[in-house]
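Written out below as structure tokens is the structure these notes cover.
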Amino acid sequence: MNADLIIYNIGQLVTAKEFSNLKEGESSMENIEIIQNGYLAVSDGEIVGIGQGDVPSKFIKFTTKLIDAEGRVVTPGLIDSHTHLVHGGSRENEFLDKIQGVPYLEILKKGGGILSSVKSTQNATEKELILKAKNTLKVMLGFGVTTVESKSGYGLDRETELKQLYVNKKLNQEQEVEIISTFMGAHALPEEFKDNRERFINSVIELLPEIKEKKLAEFFDVFCEEGVFSIEESRKMLLEAKKHSFKLRLHADEIVNIGGAELAVEVGAYSADHLMAISDNGIQALKNSKTIANLLPGTSFSLNKDYAPARKMIDAGVQVALSTDYNPGSCPTENLQLIMQIAALKLKMRPKEIFKAVTINAAKSLGKEKKIGSLEIGKKADFVIFDAQNIEYILYHFGVNHTKKVFKNGCLVFKK
Ligand code: IZC
Ligand code: ZN
């Protein structure tokens, strides 16, 4: 099989392919393959060869483009599996309150927070939202991110929710980063429904068939949190969404423990996200399930809150992903590398665990592990060349961008 692109002389090729027999002393999240002195062969946007040492001559024709990685690290394209990508405006007007200790849920209660972004998003045109999101995605791509999950939830009315989801669809057609779309109509309770929660919940449920029919979202998500949507309310919406063939994810146990992780497992969600306040019972539930624990430590950092007990979860056998939670309130950053560095420094996650969390586990949390998340024959040629000789360096030297080149479907889409 000829290749049209070959990367050779790769110091550490993190294929992120999982193996089942763990080595002595390794956690169940350190079971990813790293090839020393590797090569990668690509044809037609797919991986056709991968291995160690010299590139076999069968891959090379005289038009093959050869890239010398000069001993650098190559990984799968990073996957940011939890973002609130599409929104109008920003919330720096709440920043001073926030750093002076006004709680996140209190700002929301006063009509700020999410509800402030809802107003900005309702007031923005589709064109403005597309332009803003494209700029964000360009920054993300520069950090090595080739797939992004994007939630609605700054509309809270039919028109604006659909507008956000249309923007997701357009973004998939108009730029390189692949978008996985999530309908999150239950992100907050609009003020006009304060005395009629049930009517709002029903209005979210009523939107499900239309969104499904128009193929505007693959996933459904709820902000299950004290003072936002209760366990019972969340369960009702999640089960309705499931009936309409949505895949599920859930904002769970972010600020107060109300049993969100257990609910995520109960409804068969692909991911339970945040988990800063998860209980031991929640950890047990996740451990015995296929639900991925999607941790967002940038949010703890930004809200000055406790970090999710990642070590405890991983040591118990829970599979973890890491994402930015990019949003205008609790985590306004596109920088997934910074999140990985915080995961090392604050969650005490180990280098292999961190790379697993932003590649194959993130892919699983989106149900896309057959196509992306690891570098294996037949999968998409989404990969990053980092300007580093080993993965530890990328985590240790924090706050800068280590990306050298990013490839999506075998095409160069970012170069430093
Ligand atoms: O806009 O504050 N946690 N939703 C749930 C968010 C954070 C986004 C926001
Ligand atoms: Zn979120």
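Excluded from the calculations below are hydrogen atoms, water molecules and symmetry mates; all remaining heavy atoms, backbone and side chain alike, are included. Order of listing sets the numbers, starting from 1, for every ligand and every atom in it.
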* Protein contact of atom 8 (C) of ligand 1 - nearest heavy atom, named by residue and atom, plus distance ->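 Here the closest protein heavy atom is Y154 OH, 3.3 Å.
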* Asked: What protein heavy atom sits nearest atom 2 (O) of ligand 1, and how far off is it?
  ->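 It is Y104 OH, 2.4 Å.
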* Taking R91 for its side chain and G113 for its backbone only, find out whether a donor-acceptor pair lies under 3.5 Å. =>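 At least one qualifying donor-acceptor pair exists.
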* **Check against ring pair (Phe, Tyr, Trp, His ring centres under 6.0 Å), F229 and H251** => CA-CA 10 Å; F229 295 103; H251 281 63; over 10 Å; no
* Asked: Is a side-chain donor-acceptor pair under 3.5 Å present for S81 with S323?
  ->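 There is such a pair between these side chains.
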* Check whether the side chains of D325 and T299 place a donor and an acceptor atom closer than 3.5 Å, and report yes or no. =>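 On atom types as modelled, these side chains qualify, holding a pair under 3.5 Å.
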* To do: Answer yes if the ring centres of Y326 and H87 are under 6.0 angstrom apart, and no otherwise.
  =>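 Yes, they do, as the ring centres are separated by less than 6.0 Å.
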* Where on E225 is there a heavy atom closer than 4.0 Å to ligand 1, on the side chain, on the backbone, on both, or on neither? ->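 It is neither; nothing of E225 touches ligand 1.
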* Asked: Looking only at heavy atoms, which two atoms of M349 and I314 are closest? And how far apart?
  ->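 Result for this residue pair: CG-CD1, 3.8 Å.
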* **H274 backbone or side-chain N/O/S under 2.8 Å from the Zn ion (ligand 2)** =>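 Coordinating: no.
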* H84: which N/O/S atom is nearest the Zn ion (ligand 2)? ->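 Nearest to the Zn ion (ligand 2) within H84's N, O and S set: NE2.
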* Asked: In D325, what N, O or S atom is nearest to the Zn ion (ligand 2), if we give its atom name?
  ->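 Of the nitrogen, oxygen and sulfur atoms in D325, the Zn ion (ligand 2) lies nearest to OD1.
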* To do: Report, rounded to 10°, the angle at the Zn ion (ligand 2) between the two atoms NE2 (H82) and NE2 (H251).
  =>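 Angle NE2(H82)-the Zn ion (ligand 2)-NE2(H251): 90°, rounded to 10°.
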